[in-house]
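Heads up: the structure comes next, in structure tokens.
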Protein chains: 2
Amino acid sequence: MTIRVPRKKADAYQHGDLRRALVQAGLKMLAEGGVDGLSLRGAAELAGVSHAAPYRHFRDKEQLVSAVAEEGFRMLTSRMRDEIAARGGDVLSRLRAAAEGYVAFAVAQPATFRTIFGGAVCGEDQPPPPGLKEAGEEAYHVLRDLIVEGIERSRLRAEEPDRLALAAWSMVHGLSMLIIEGQVPGVRGNAAQRRAVTDVVVHLLETGIRPLS
Amino acid sequence: MTIRVPRKKADAYQHGDLRRALVQAGLKMLAEGGVDGLSLRGAAELAGVSHAAPYRHFRDKEQLVSAVAEEGFRMLTSRMRDEIAARGGDVLSRLRAAAEGYVAFAVAQPATFRTIFGGAVCGEDQPPPPGLKEAGEEAYHVLRDLIVEGIERSRLRAEEPDRLALAAWSMVHGLSMLIIEGQVPGVRGNAAQRRAVTDVVVHLLETGIRPLS
DNA sequence: ACCTGAACACCGTTCAAGT
DNA sequence: ACCTGAACACCGTTCAAGT
């Protein structure tokens with residue numbers, strides 16, 4: 001009789017971890033070379049494998065990009081959770097923390113952020129790949145849970161949570177994109193200014209742009 | 001003596017209109033093949049010219065993409081202006097029209113919309129190319145003028161206009177991106193639902209997500 | 001000035017062949 | 001099963017050469 005131990009070696013590239021290695025390589029290429037720096041051949045080289053090997057794990061480049069986007073999405077969610085936990089306070093304070101984590105991630109990893117929402121992943125009609133969809137829903141639930149708590153505590157309007165969540169997500173997502181695009185002058189490189197701008201925008205999200213009347 | 005007439009022929013590709021032809025070709029490729037469908041060689045072929053000819057007008061692909069983004073930005077601004085003019089009404093009604101024009105353009109031309117804000121154009125530190133920056137400012141002023149009018153008429157909060165404009169732009173831009181990314185379920189293909197969702201989000205932008213208290 | 005054709009390096013993808 | 005090496009089509013870019 002032989003006892004089968006599940007193989008978990010350190011140099012496990014040849015045992016099923018090539019997929020993970022390729023995704024990590026993709027994230028590294030995004031961080032170093034921007035969106036255009038991500039290539040199948042480059043990822044294969046970084047993983048120490050021939051350029052044809054990735055096709056054992058991904059049908060085409062789009063599937064690798066999708067896997068990288070999924071991992072990036074989970075990193076974004078982590079960043080939000082960390083910021084929320086570090087800030088604490090009442091639910092509005094934690095919502096602001098989530099917003100700042102979101103913006104901070106976008107600025108720190110613009111190419112990864114763009115890949116997550118890059119649309120190279122799902123075309124006009126195709127549904128998003130399941131893993132990426134799941135990662136998106138996980139991020140969305142972090143936001144939605146805060147919204148629901150805010151409503152229960154009467155710190156947010158007694159509206160349908162999904163409506164408030166969509167408005168909040170849109171605002172923070174748009175702000176992040178405009179900042180990394182350089183459309184908000186003097187903010188991309190200045191962390192203090194960035195936080196100030198984010199606070200202003202989130203405050204307007206909370207109270208609206210119409211007069212209090 | 002010879003009278004020099006300014007040359008404006010119909011088949012003016014050889015007389016300085018090659019640049020324009022290449023930009024138009026780029027827009028066509030974006031509409032038909034998505035962001036990845038845009039190539040220098042393809043644009044040259046569509047313009048009926050050798051693959052090296054574009055380098056007389058653009059230093060590299062990035063400059064062509066930048067020119068295409070600029071033209072796309074002007075199309076987006078036109079779309080907003082048209083929607084504003086068609087709707088009319090008070091300033092809040094026209095703000096809503098601008099938002100719907102923005103979202104409608106993004107959904108109708110997602111690849112062009114992504115290229116405008118694609119970031120392939122300006123890197124981390126580089127400033128945006130002047131033409132694209134100007135096109136962006138033109139779009140921004142359409143929004144800002146509405147905001148200023150709203151403040152003057154006491155339909156918007158007496159805040160710094162740029163703050164209100166940034167909040168509004170962020171919200172509508174983010175909503176557009178989330179919709180074309182497929183993150184807002186059941187909206188990408190449904191114009192009526194899309195308008196309803198946009199109205200809800202803009203209404204929350206106006207009145208905020210906090211209770212009226 | 002403006003354009004061409006050949007050339008180079010790089011990429012995504014396929015496939016017969018190796019272990 | 002998993003990986004390799006050669007091969008193909010495509011791309012961005014350069015450059016000597018043509019008019």
Side-chain angles (χ1 to χ4, degrees), chain A residues 4-23 25-26 28-30 32-69 111 115 118-121 123 129, chain B residues 4 6-9 11-23 25-26 28-30 32-69 111 115 118-121 123 129:
Chain A
R4 302 203 202 128
V5 286
R7 301 193 187 182
K8 287 193 180 175
K9 297 222 180 170
D11 58 344
Y13 282 10
Q14 327 302 348
H15 305 97
D17 266 9
L18 176 56
R19 188 193 148 93
R20 187 186 318 269
L22 290 168
V23 171
K28 187 174 183 181
M29 297 175 87
L30 282 179
E32 291 175 0
V35 175
D36 292 340
L38 175 55
S39 74
L40 255 179
R41 289 176 102 110
E45 192 176 1
L46 276 179
V49 102
S50 95
H51 63 262
Y55 287 89
R56 291 296 121 195
H57 299 273
F58 302 101
R59 191 161 20 87
D60 52 21
K61 185 187 180 183
E62 202 173 288
Q63 285 224 348
L64 170 62
V65 172
S66 169
V68 170
T115 301
V121 170
Chain B
R4 304 205 201 126
R7 301 195 187 180
K8 287 193 179 175
K9 297 223 181 170
D11 58 344
Y13 282 9
Q14 326 302 351
H15 305 97
D17 267 8
L18 176 56
R19 189 192 148 92
R20 188 186 314 271
L22 290 168
V23 171
K28 187 174 183 182
M29 297 175 87
L30 282 179
E32 291 174 0
V35 175
D36 292 339
L38 175 55
S39 74
L40 255 178
R41 289 176 102 110
E45 192 177 0
L46 276 179
V49 103
S50 95
H51 63 263
Y55 287 90
R56 292 295 121 196
H57 299 271
F58 303 101
R59 190 160 22 84
D60 52 19
K61 185 188 180 182
E62 203 173 289
Q63 285 223 350
L64 170 62
V65 172
S66 169
V68 170
T115 301
V121 171

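Numbers restart at 1 for each chain; the letters A, B, ... are given by sequence-line order, proteins then strands.
- Taking only side-chain atoms of A/His51, from C-beta outward, the nucleotide of D/dT13, C/dT14, C/dT4 with the closest atom is C/dT14.
- Taking atom CG of residue B/Leu38 and atom C1' of nucleotide D/dC10, one finds them 15 Å apart after rounding to whole Å.
- Comparing atom distances between the B/Leu40 side chain and each of D/dT13, C/dT13, D/dC3 picks out D/dT13 as nearest.
- The minimum heavy-atom distance between B/Ala47 and B/Leu18, with the atom names listed, is CB-CD1, 3.9 Å.
- In this structure, A/Arg41 and A/Ser50 both approach DNA chain D, and ranking their closest nucleotides by distance from the 5' end singles out A/Ser50.
- When both distances must be under 3.5 Å, the Watson-Crick or G-U wobble mate of D/dC2 is C/dG18.
- For A/Ser39, whose side chain is taken as the heavy atoms from C-beta onward, the closest listed nucleotide among C/dC3, C/dC15, C/dC11 is C/dC11.
- The phosphate of C/dC3 has OP1 or OP2 within less than 4.0 Å of a side-chain N or O from B/His57.
- Closest to the side chain of A/Tyr55, out of C/dG12, D/dG12, D/dC3, is C/dG12.
- Distance from the side chain of B/Ala52 is smallest to C/dG5 among C/dG5, D/dC3, C/dT13.
- Panel note: side chain A/Thr115, backbone A/Ala111; a donor-acceptor pair is recorded below 3.5 Å.
- Between B/Glu45 atom CD and D/dA9 atom P the separation is 15 Å, expressed in whole Å.
- Atoms CZ (B/Arg19) and P (C/dA1) sit 18 Å apart, rounded to a whole Å.
- Distance A/Arg56 CZ to D/dG5 C1': 14 Å, rounded to the nearest Å.
- When rounded to the nearest whole Å, the span between CZ of B/Arg59 and P of D/dG12 equals 16 Å.
- Comparing D/dT13, C/dT13, C/dT4 by their closest approach to the side chain of B/Val49 singles out C/dT4.
- Pairing each heavy atom of A/Asp60 with each of A/Tyr55, the nearest pair is CA-CE2, 4.3 Å.
- C/dT14 atom C1' lies 17 Å from atom NZ of A/Lys61, rounded to whole Å.
- Using Watson-Crick or G-U wobble geometry with both donor-acceptor distances under 3.5 Å, C/dC10 finds no partner in any strand shown.
- Rounded to whole angstrom, the span from the CG atom of B/Asp60 across to the C1' atom of D/dC15 amounts to 17 Å.
- What separates CZ of A/Phe58 from P of C/dT14 is a distance of 16 Å, to the nearest Å.
- The shortest non-hydrogen separation linking A/Arg19 to A/Ala67 is NH2-CB, 3.8 Å.
- Put simply, the side chain of B/Lys28 never gets that close to the backbone of B/Val23: no donor and acceptor are under 3.5 Å apart.
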